[in-house]
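Worksheet: one structure, shown below.
Owing to the predicted nature of the structure, the values given are computational and were not obtained by experimental measurement. Note that these values count all heavy atoms, side chains included, but never hydrogens, waters or copies made by symmetry. For the single chain, residues carry numbers from 1 onward in sequence order.
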Amino acid sequence: QVQLVESGGGLVQAGGSLRLSCAASGRTFSSYSMGWFRQAPGKERVFVAAISRSGGSASYADSVKGRFTISRDNAKNTVYLQMNSLKPEDTAVYYCAAANTITVVITKTRYNYWGQGTQVTVSS
């Protein structure tokens, strides 16, 4: 069992930055690939970024490539999402998730555990 708690969301102006954190419980954090997803009002939850268990591989949605960076600190049981050059269309609830896999996972159905989400609002 893994429990995930996101933090770091908030209101920011377009062009600004935020860093989201996701703290995981348990001693097996390094056994999980981690991902970030987002869900805007009235829309499906979609993939944003994912990172492998070791942190050596990452994948990004085209919409955030070059602006967002995912990273993890296995010693702190935490995964991060650094978001730069934010746009109003980045407004959504952001969720972190854990997948019991070796490789980077971009499909939400393959994730085993989810956090409660943190709201990110980007004003124009």
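Using a 4.5 Å heavy-atom cutoff, the side chains of Gln13 and Ser123 are in contact. Lys76 is not listed as a side-chain neighbour of Ser21, based on a closest heavy-atom distance of 4.5 Å or more.
Smallest separation of non-hydrogen atoms from Gln82 and Ser17: NE2-CB, 4.0 Å. Summarising the geometry of Ala50 relative to Tyr111, their closest heavy-atom pair is CB-OH, 3.6 Å, with the distance given to 0.1 Å. Of all heavy-atom pairs spanning Glu6 and Tyr95, the tightest one is OE2-CA, 3.3 Å. Contact record, Lys108 with Glu44: NZ-OE1, 4.0 Å, taken as the closest heavy-atom pair. In terms of heavy atoms, Ser63 sits closest to Arg38 at OG-NH2, 3.5 Å. Here the closest non-hydrogen pair linking Ser124 and Ala14 is CA-CB, 4.4 Å.
Side-chain contacts under 4.5 Å among hydrophobic residues (ILVMFWY), followed directly or transitively, place Val64 together with Val2, Leu4, Val12, Leu18, Leu20, Phe29, Tyr32, Met34, Trp36, Val48, Ile51, Tyr60, Phe68, Ile70, Val79, Leu81, Met83, Leu86, Tyr94, Tyr113, Val120, Val122.
Of the possible polar contacts, none joining the Arg72 side chain to the Gly55 backbone as a donor-acceptor pair under 3.5 Å is found. With hydrogens and angles ignored, the 3.5 Å screen pairs a side-chain donor or acceptor of Thr101 with a backbone N or O of Thr103.
Heavy-atom contacts from other residues, nucleotides or ligands closer than 6.0 Å to NZ of Lys65 number more than 12. Within 6.0 Å of atom CG in Leu11, more than 12 heavy atoms from other residues, nucleotides or ligands are found, so the atom counts as buried in its surroundings. More than 12 non-hydrogen atoms from other residues, nucleotides or ligands lie less than 6.0 angstrom from CD of Gln39. Within 6.0 Å of CD on Gln116 lie no more than 12 heavy atoms contributed by other residues, nucleotides or ligands.
Atom OG of Ser71 sits about 7.0 Å away from atom CZ of Arg19, to the nearest 0.5 Å. A distance of 11.5 Å separates CG of Asp73 from OG of Ser30, quoted to the nearest 0.5 Å. For the atom pair Arg53 CZ and Asn100 CG, the distance stands at 8.0 Å (nearest 0.5 Å). Between Thr69 atom OG1 and Asn84 atom CG the span is 6.5 Å, to the nearest 0.5 Å.
Not counting sequence neighbours, the partners of Ser57 by the side-chain contact (heavy atoms from CB on, under 4.5 Å) test are Ser52, Val104.
One finds no salt bridge joining Asp90 and Lys87 here, because no Lys/Arg side-chain nitrogen approaches an Asp/Glu carboxylate oxygen to under 4.0 Å.
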